[in-house]
Amino acid sequence: MPARVIVVGGGVAGLLAARRHARDGAEVTVLEAADRWGGRVSAHEVHGLLLDAGAESFATRSAAVADLARGLGLGGDLVAPTRRPAWVVSPDRAYALPITGWLGIPTRPLQPDVRRVIGWAAAVDAALERGRPLGDVADDATVGSLVRSRLGERVARMLVAPVLQGVYSRPLDELPLAAIDPTLPAQLRAAGSLTALAERRRALAPAGSAVLGVRGGIWRIAQALADAALADGVRLLGGTEAESVVRADGAWHVRAGGGTMTADTLVLATTAAVAGRLVPALDTAPEAAARRVALVTLVLDAPALDAAPRGTGVLATDGVTRAKALTHATAKWRWLREAADGLHVVRLSYALPDPDEDVAAHALDDAARLLGVPLAPPQVRASRTVVWDDASPARVPDRAPLPGLELVGSAAGLSGLAAIVGAEQRPTPGQPARS
């Protein structure tokens, strides 16, 4: 008899795992509590525009996501964003981020665009970092400790913190380097300096951009994955929540949809909080559910934004706005600018420790502050707020912690399409690697 596999969670990680098992000959069922596929890589409609509800681009630090998109027939729709720098707004100034950097770490600290931000003294100090002995780098070293000790406080505060806190919603001193990519500590030791590491990683990105998108939205990758999973024989059950899980008689018994299903292998492609509720033996961190992010999308009739006065996006330092970051989506993506027909789409990101907080009430004022233009309520044509739990999951050391159990995606401590798709190409213990 073929192996029986149940995947809990119909996001990209769950769909990829389902296809892998189906191709190995298993009978695979995917349970998804929501009525849509893709999780954080899904769509919603705002003012007649079908927009990404979560991720709207993917990192090109590896070819994994682009190769997946091509394999799903979306290669011709891969697009690069408009080449404009991102900006940072601090309490006393606004400045464009240097173009020669990786995660905010300048690869050429003495370039004029770096010096304008951090000053001559800090730039010279950062330029000398390459020649200093690296010393020991622990696998759990934080970005904050590394950047401050190697490149200085101004680089950490003015360049790196705005970039990474906008993405990971965690202070630098609480963000392990390995949370960005588990291989980064080893890569840093091999490179010998942060500057050399940044230079190497920057060189891995295709010319022109460190991210790519899909014409029409990243959500199309998830939809194509769901279609491909069906073609591979996977059973997709949307609107079906996994209520409880029991391990007995060498199998997993999952109660869902008014009945119980049995599996030889259980794949959890959920948030860490849901994984811990279903399988308490995982002992997930209690704060996992508190790492929430709210995304507020505004569709604006604002001619002052036609010239994209602050590029394709803005990052905020502490004390500027409630929002941590803003994407000027119609300035970033040509296809969306054409679809919006003269309107502007901006999306603000908020760290949300309190699930009852109405961050949408701050959105218009925050957008005006970050973009540097006056905006008034009559200019808002539509708005939409989406909240995502466990937006910056903690690293999980073992992706197969119990017999017959696999953790993928957020449950495995992974965040972002590049990390999730890349992990599927590396073998989980007991599973073959996929090309």
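We use all heavy atoms of the structure for the numbers below, so side chains are in, but hydrogens, waters and symmetry mates are not.
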Taking Arg334 for its side chain and Ala331 for its backbone only, find out whether a donor-acceptor pair lies under 3.5 Å. no
Any donor and acceptor pair, going by atom type alone, linking the side chain of Arg347 with main-chain N or O of Gly54 inside 3.5 Å? yes
Ignoring hydrogens and geometry, is there a side-chain-to-backbone donor-acceptor pair from Arg310 to Leu370 under 3.5 Å? yes
Going by atom types only, do Thr107 and Arg202 share a side-chain donor-acceptor pair under 3.5 Å? no
Verify, without hydrogens or angle tests, whether Asp181 (side chain) and Thr183 (backbone) share a donor-acceptor contact under 3.5 angstrom. yes
Are side-chain heavy atoms of Leu51 and Arg384 found at a separation under 4.5 Å? no
Of all heavy-atom pairs linking Ile221 and Leu72, the shortest is O-CD1, 3.8 Å
So does Ser145 get a backbone contact from the side chain of Ser149, meaning a donor-acceptor N/O pair under 3.5 Å? yes
Pairing of Asp125 and Arg154 as salt bridge, 4.0 angstrom limit: no
Go through the steps for Val89 and Arg369 under the test side chain to side chain contact (heavy atoms under 4.5 Å, CB included), then give the verdict. CA-CA 9 Å; Val89 175; Arg369 173 74 175 91; 3.3 Å; yes
Please report the C-alpha distance between Phe58 and Ile420 in whole Å, then the side-chain angles of each, then the deciding distance to 0.1 Å, and finally whether the side chain to side chain contact (heavy atoms under 4.5 Å, CB included) criterion is met. CA-CA 11 Å; Phe58 60 87; Ile420 289 169; over 6 Å; no
Just verifying a value: how many Å separate Trp388 CH2 and Ser349 OG, rounded to the nearest 0.5 Å? 13.0 Å
Are the side chains of Leu417 and Leu68 in touch, meaning some heavy atoms are under 4.5 Å apart? no
Ignoring hydrogens and angles, tell me if any N or O in the side chain of Glu241 forms a donor-acceptor pair with the backbone of Glu243 under 3.5 Å. no
Which heavy atom of Arg215 sits nearest a heavy atom of Arg220, and at what distance? O-NH1, 2.7 Å
How long is the straight-line distance from CE of Met158 back to CD of Glu153, given to the nearest 0.5 Å? 10.5 Å
Backbone N or O of Leu31 within a donor-acceptor pair of the Thr240 side chain at under 3.5 Å? no
Charged N to carboxylate O below 4.0 Å: is that the case for Asp67 and Arg70? yes
NE2 of His44 to OG1 of Thr385, rounded to nearest 0.5 Å, is 9.0 Å
Under 4.5 Å between any side-chain heavy atoms of Val155 and Ile105, yes or no? no
Start with the C-alpha distance between Val380 and Leu300, add both sets of side-chain angles, then the distance that settles side chain to side chain contact (heavy atoms under 4.5 Å, CB included), and finish with yes or no. CA-CA 5 Å; Val380 179; Leu300 302 169; 3.7 Å; yes
Do you know the tightest heavy-atom contact between Asp52 and Trp219? OD1-N, 2.8 Å
Take atom CG in Asp92; do more than 12 heavy atoms of anything else shown fall under 6.0 Å from it? yes
Mark yes or no for whether Thr327, through its side chain, and Ala329, through its backbone, hold a donor-acceptor pair below 3.5 Å. no
How about Val143 and Val160: do any of their side-chain heavy atoms sit closer than 4.5 Å? yes
Residues, nucleotides or ligands: over 12 heavy atoms within 6.0 Å of Arg235 CZ: no
Determine whether Leu278 and Val254 make a side-chain contact, defined as any pair of heavy atoms from C-beta on separated by less than 4.5 Å. no
CG (Leu230) and CH2 (Trp37) are apart, to the nearest 0.5 Å, by 8.0 Å
Side chain proximity check, Arg292 to Asp389, heavy atoms < 4.5 angstrom: yes
Is Arg148 paired with Asp173 through a side-chain N to carboxylate O contact shorter than 4.0 Å? yes
Quick check against the 3.5 Å criterion: does Asp301 have a side-chain atom that pairs as donor or acceptor with the backbone of Leu343? no
Considering all heavy atoms of both residues, which atom of Val30 and which atom of Ala18 are nearest to each other, and what is their separation? CG2-CB, 3.6 Å
About how many Å separate CZ of Arg40 and OG1 of Thr271, when rounded to the nearest 0.5 Å? 7.5 Å
If you measure from the Lys or Arg side-chain nitrogens to the Asp or Glu carboxylate oxygens, is any gap between Arg20 and Glu406 under 4.0 Å? yes
Under a 4.0 Å threshold between the charged nitrogen and the carboxylate oxygen, would Asp366 count as salt-bridged to Arg322? no
Evaluate side chain to side chain contact (heavy atoms under 4.5 Å, CB included) for Thr82 paired with Arg337, printing each intermediate quantity in order. CA-CA 11 Å; Thr82 303; Arg337 182 168 65 252; 4.2 Å; yes
State, yes or no, whether a side-chain contact exists between Val5 and Thr29 at a heavy-atom distance under 4.5 Å. no
Among Thr265, Asp398, Leu282, exactly one meets side chain to side chain contact (heavy atoms under 4.5 Å, CB included) together with Leu405. Which residue is that? Leu282
Return the CG to CG distance between Leu172 and Leu177, rounded to the nearest 0.5 Å. 11.0 Å
Heavy-atom pair of closest approach, residues Glu424 and Ala17: OE2-CA, 4.0 Å
Would you indicate whether the side-chain heavy atoms of Glu357 and Tyr350 approach each other to under 4.5 Å? no
Main-chain N/O of Thr195 paired with Glu129 side-chain donor or acceptor, under 3.5 Å: yes
Which atoms form the tightest heavy-atom contact between Pro109 and Arg115, and what is the distance? O-CG, 4.1 Å
